[in-house]
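Down below is the structure, laid out as structure tokens.
Residue numbers begin at 1 in each chain, while the letters A, B, ... track the order of the sequences.
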Amino acid sequence: MKIYDTLSQKIREFHPLDDNKVKMYVCGPTVYDYPHLGHARCYITWDVVSRYLRFKGYDVTYVRNITDVDDKIINRARENNLTPKELATTYYKEFQKAMEALNVAPPDIEPKATETIEDMIKIIKKLEEKGYAYASEGDVYFRVSKFKKYGRLGKQSIDDLQSGARVEASDKKENPLDFALWKAIKTENEISWDSPWGKGRPGWHIECSAMSEKYLGEQIDIHAGGQDLIFPHHENEKAQSEACFDKDFVNFWMHNGFVTTNNEKMSKSLGNFLTINDLLEKYDANTIRLFILTNHYRMPVEFADESLKAAKNGVKRLKNAFEDIKNTVGEEKIKEAEKLITPIIDEIVKTGQLPFHKIDTVQDIEEIIPASLMENCIKNLKYFITAMDEDFNTSKALSVLFDIASCAQKTRESKNPEASAFCLALLLKLASVLGFDLTKSESLNDELSSQLMELVISIRQKAREEKNWAMSDFIRDELGKLNIVLKDQKDKPTIWSIQD
RNA sequence: GGCGACAUGGCCAAGUGGUAAGGCAGGAGUCUGCAAAACUCUCAUCCCCAGUUCAAAUCUGGGUGUCGCCUCCA
């Protein structure tokens, strides 16, 4: 598979550094406010990347940190009369809640900056010993001029940066470009830790160098985050880690594009952001995910209500495939189909070939699934893999889901329940690789409501038998107002579902 | 000023030099008591100009427009 690497600005063939183990580090949020759509885009993207790498058989260790100490947290806490820890905890919980609601799988390890201070100090000390860092009035700065490769990731030359003069000049720094590894306390009662340079707290960039090394080692396969982190954050991380460990820090730097509104980046500083909570009131996790994944992860995504609505209807189509087929063939058949297709998917992912050596399995399947349909499923599966192998082309991959859904519906109509279930099983599997859950549906949460619902349906059925269309349509319309949608089926009981 | 992107149908969007995936919306039909869902059919020559080539949305050059980074940001 191929992945675009920001450093080389090229799409390169991906090979893990160590066997099939993938070490992946994603820069997590600074928890000082509600997470917004930009965060959703970012973490959905890396969620899909980690899911797909696992689907491909890689042994992924996914680390995503939480920045729980920094200027913004400290200031915001002060404004609200809270300790930084209290504020960070509040918004960390909000973040977790949002991720769960978006069906973003938790990372394997989620370290917090405040729990990694010791490790940061170790790195800073080493950098100081090696001459890459210097202490100045209790602060410690990274000596940018000593690190020759500085600026390569962000494509900035030190000269240009210096003439840019947007960096904060300070008497404490040898060079305006030098950045803080450690910041001394200014007042006695602010949050701080003891260090060889006195009481203080870490600079922003050092935490990722430390957490990455602590949980994944000195070299990692993938380091990801939003495009806005390329410079200076990732540039600085890279400088610190490589200066400290004398090794290339990261094999593939990956960065996702922004969410924009009115053609402008959605960000906290611009105040034009839409929180995930607000969004979830109107659209569900699948819809938000489809909206995001229709765009390639490196392209900007323009937020528009119309696009979300389009995504919502798209999700409905995929979910209808599941619901229609479940109602026609039953859940048992779908489970059986899942058992049939799993070894096929595994084998194609691994070898690109059908498992011909497992003759028995193939013969069993041939008796149930028509060859042409089988061929179509395999074609789609391979197309999905090819698309995702090309730097995670989710937009292309999604077209496969729609094709399989349509295929499943067609076979359902042609009354081939096994074949239909087989397509559906493939759909569910590939959808889950992209983080969709098509099986989850709104349901009535208590027994009595369900029973009443059955009663209403049977009353309407009586009316229909008596050709009392006025009554039966009235019931259907009124239920519609409650977001309950009825589907009459020929020779089968009416089915209903709750749609948001 | 430096660096990096983007410009494809009504909207969103993929596109690896050989003749435009997919989704949404729209139109026509099948099914249905009517709906809904589903199914079938239908709907573009790719910002402008020049060049390379037998052949370009895809490569080169020049425009025009939009965005991002260079300061906290996913």
Side-chain angles (χ1 to χ4, degrees), chain A residues 6 9 11 26-30 32-33 35-46 70-72 151 154-157 159-161 163-168 204 224-233 235 255-260 263-270 273 290-291 293-296 298-302 304 306-318 320-321 323-325 327-328 383 386-387 390 393-403 405-406 408-410 412-414 464 467-469 472-473 476-477 480 485-490 494-495 497 499:
Chain A
T6 308
Q9 293 174 286
I11 292 181
V26 170
C27 280
T30 302
Y32 74 104
D33 204 340
H36 60 74
L37 183 53
H39 297 104
R41 205 258 168 118
C42 175
Y43 302 116
I44 285 173
T45 296
W46 309 122
D70 100 315
D71 286 350
K72 293 184 296 298
K155 315 298 169 210
Q156 305 290 329
S157 77
D159 292 345
D160 291 336
L161 284 168
S163 61
R166 285 171 85 178
V167 276
E168 186 191 349
W204 177 32
Q227 268 167 8
D228 46 0
L229 299 182
I230 297 172
F231 197 95
H233 184 54
E235 188 74 57
H255 296 95
N256 65 277
F258 302 123
V259 175
T260 58
N263 268 320
E264 194 178 49
K265 178 184 168 188
M266 183 179 279
S267 75
K268 287 181 187 168
S269 46
L270 288 169
F273 63 91
L290 183 63
F291 163 68
L293 298 184
T294 11
N295 299 64
H296 184 85
R298 283 188 278 120
M299 296 290 114
V301 176
E302 167 76 8
E306 206 180 301
S307 303
L308 264 306
K309 274 184 200 142
K312 185 177 176 175
N313 288 336
V315 167
K316 217 192 268 175
R317 208 147 90 71
L318 297 176
N320 279 335
E323 277 170 20
D324 290 351
I325 289 158
N327 287 316
T328 311
Y383 189 83
T386 308
E390 283 172 32
N393 193 331
T394 50
S395 187
K396 253 189 189 177
L398 282 169
S399 71
V400 170
L401 301 196
F402 286 95
D403 194 78
S406 160
Q409 291 280 28
K410 271 180 251 179
R412 177 178 69 89
E413 292 196 343
S414 66
R464 293 183 71 214
K467 298 202 191 301
N468 185 350
W469 308 128
S472 83
D473 289 351
R476 188 171 61 200
D477 291 347
V485 178
L486 300 189
K487 293 182 192 172
D488 293 329
Q489 310 186 98
K490 199 158 193 187
T494 297
I495 56 171
S497 60
Q499 306 217 332

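- No contact: A:Lys312 has no heavy atom under 4.0 Å from any strand.
- A:Tyr43 comes within contact range of the sugar-phosphate backbone alone, with a heavy-atom separation under 4.0 Å but no base atom that close.
- Nearest heavy-atom pair, A:Ile325 versus A:Arg412, reported as atom, atom and distance to 0.1 Å: CG1-CD, 3.7 Å.
- Annotation: B:C49 and B:U16 have their C1' atoms spaced 26 Å apart (nearest Å).
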Would you list the protein and nucleotides 7-12 of chain B atom pairs, both N or O, that sit under 3.5 Å from each other?
{"unit_1": "B:C11", "atom_1": "O2'", "unit_2": "A:Glu306", "atom_2": "OE2", "d": "3.1"}

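- With both pairing distances under 3.5 Å, B:C46 is matched to nothing as a Watson-Crick or G-U wobble pair.
- Applying the 4.0 Å criterion to OP1 and OP2 of B:A74, one finds that A:Lys268 has a side-chain N or O inside that range.
- At a threshold of 4.0 angstrom between heavy atoms, the contacts of A:Phe258 include nucleobase atoms, whether or not backbone atoms are also involved.
- At a threshold of 4.0 angstrom between heavy atoms, the contacts of A:Glu390 with the nucleic acid are absent.
- As the counterpart of B:G17, no nucleotide is assigned, since no Watson-Crick or G-U wobble pattern has both distances under 3.5 Å.
- The OG1 atom of A:Thr6 sits 14.5 Å away from the CZ atom of A:Phe231 when rounded to the nearest 0.5 Å.
- Across all strands, A:Lys410 comes closer than 4.0 Å only to sugar-phosphate atoms, never to a base (heavy-atom distances).
- Distance, A:Glu235 CD to B:U71 P: 12 Å, rounded to whole Å.
- Counting non-hydrogen atoms under 4.0 angstrom, A:His36 reaches a base of the nucleic acid.
- Between B:C72, B:G33, B:A38, one nucleotide has an atom nearer to the side chain of A:Asp473 than all others, and that is B:G33.
- Residue A:Asp488 has its side chain nearest to B:C34 when only B:C34, B:G4, B:A74 are considered.
- Nearest to the side chain of A:Asp228, among B:A38, B:G23, B:A74, sits B:A74.
- In plain terms, the two heavy atoms of A:Arg317 and A:Phe402 that are nearest each other are NH2-CD2, 3.7 Å.
- Counting any heavy atom pair closer than 4.0 Å across all strands shown, A:Gly480 reaches no nucleic acid atom.
- We find that CD of A:Glu413 is positioned 12 Å from P of B:U32, with the value rounded to whole Å.
- Side-chain atoms of A:Glu235 come within 3.5 Å of backbone N or O of A:Gly151 as a donor-acceptor pair.
- Residue A:Pro232 is classed as a sugar-phosphate contact, given heavy-atom separations below 4.0 Å to backbone atoms only.
- With hydrogens and angles disregarded, a donor-acceptor distance shorter than 3.5 Å links the side chain of A:Glu302 to the backbone of A:Asn263.
- Taking atom NE2 of residue A:His296 and atom P of nucleotide B:A21, one finds them 21 Å apart after rounding to whole Å.
- Nucleotide B:C59 forms a Watson-Crick or G-U wobble pair with B:G51, both donor-acceptor distances falling under 3.5 Å.
- The side chain of A:Lys155 lies closest to B:C3, out of B:C3, B:C24, B:C69.
- Between A:Tyr43 and A:His39, the ring planes lie parallel to each other; the angle is under 30°, not in the 30° to 60° tilted range.
- Along RNA chain B, the nucleotide nearest A:Ala405 and the nucleotide nearest A:Ser269 are compared for position; the residue whose nucleotide lies closer to the 5' end is A:Ala405.
- Residue contacts shown for A:Gly38 include a base, since a base heavy atom lies under 4.0 Å away.
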Verdict with supporting geometry, A:Glu323 and A:Ile495, side chain to side chain contact (heavy atoms under 4.5 Å, CB included): CA-CA 10 Å; A:Glu323 277 170 20; A:Ile495 56 171; 6.0 Å; no

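- Counting atom types as modelled, A:Arg476 pairs a side-chain N or O with a base atom of B:C34 as donor and acceptor under 3.5 Å.
- Between the side chain of A:Asp403 and the base of B:G23, no donor-acceptor pair under 3.5 Å is found.
- Expressed to the nearest 0.5 Å, how far CG of A:Leu37 lies from CG of A:Leu308 amounts to 7.5 Å.
- When distances run from any side-chain atom of A:Gln156 to the nucleotides B:G68, B:G2, B:U32, the shortest one goes to B:G2.
- Here the side chain of A:Ser395 pairs a donor or acceptor atom with the backbone of A:Thr294 at under 3.5 angstrom.
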For a side chain to side chain contact (heavy atoms under 4.5 Å, CB included) check, start with the C-alpha distance between A:Phe258 and A:Met266, then their side-chain angles and the critical distance, and finish with the verdict. CA-CA 7 Å; A:Phe258 302 123; A:Met266 183 179 279; over 6 Å; no

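- Checked against salt bridge (Lys or Arg N to Asp or Glu O under 4.0 Å), A:Asp33 has the following partners two or more places apart in sequence or in another chain: A:Arg76.
- Distance from the side chain of A:Asn393 is smallest to B:A14 among B:A14, B:C70, B:A74.
- Atom NE2 of A:His233 is separated from atom C1' of B:U71 by 15 Å (rounded to the nearest Å).
- Using a 4.0 Å heavy-atom distance criterion, A:Met266 is classed as a base contact.
- The distance from atom CG of A:Asn320 to atom P of B:G23 is 14 Å, rounded to the nearest whole Å.
- Nearest-nucleotide positions on RNA chain B for A:Lys309 and A:Ser406 put A:Lys309 closer to the 5' end.
- Of the residues in residues 394-401 of chain A, those placing a heavy atom less than 4.0 Å from an atom of RNA chain B are A:Ser395, A:Lys396, A:Ser399, in numerical order.
- Whole-Å rounding puts the A:Asn468 CG to B:C34 P distance at 16 Å.
- Nucleotide B:A38 forms a pair with B:U30, judged by Watson-Crick or G-U wobble geometry with both contacts under 3.5 Å.
- The interatomic distance linking A:Asp159 (CG) with B:G1 (C1') rounds to 14 Å, in whole Å.
- When heavy atoms are screened at a 4.0 angstrom cut-off, A:Gln409 is found touching the sugar-phosphate backbone but no base atom.
- Distance from the side chain of A:Asp324 is smallest for B:A37 among the nucleotides B:G33, B:C70, B:A37.
- Enclosure of atom CD in A:Gln499 by more than 12 non-hydrogen atoms of other residues, nucleotides or ligands within 6.0 angstrom is indicated.
- Not one N or O on the side chain of A:Asp403 forms a donor-acceptor pair closer than 3.5 Å with the backbone of A:Ser399.
- For A:Lys265, counting side-chain heavy atoms from C-beta on, the closest listed nucleotide (B:A37, B:A74, B:G23) is B:A74.
- Of the nucleotides present, B:C67 is the one that pairs with B:G4 by Watson-Crick or G-U wobble criteria, both distances under 3.5 Å.
- Under the Watson-Crick or G-U wobble criterion, with both distances below 3.5 Å, B:C72 has no partner in any strand shown.
- Closest to the side chain of A:Asn256, from the set B:G22, B:A74, B:G4, is B:A74.
- Between the C1' atoms of B:A13 and B:C46, the separation comes to 13 Å (whole Å).
- Within the 4.5 Å cutoff, the side chain of A:Lys396 has heavy atoms near those of the A:Glu390 side chain.
- Heavy atoms of A:Val259 sit under 4.0 angstrom from at least one base atom.
- Taking the side chain of A:Arg317 as heavy atoms from C-beta on, and the options B:A36, B:A14, B:C24, the nearest nucleotide is B:C24.
- Look at NZ on A:Lys490: it is 10 Å from P on B:C34, rounded to the nearest Å.
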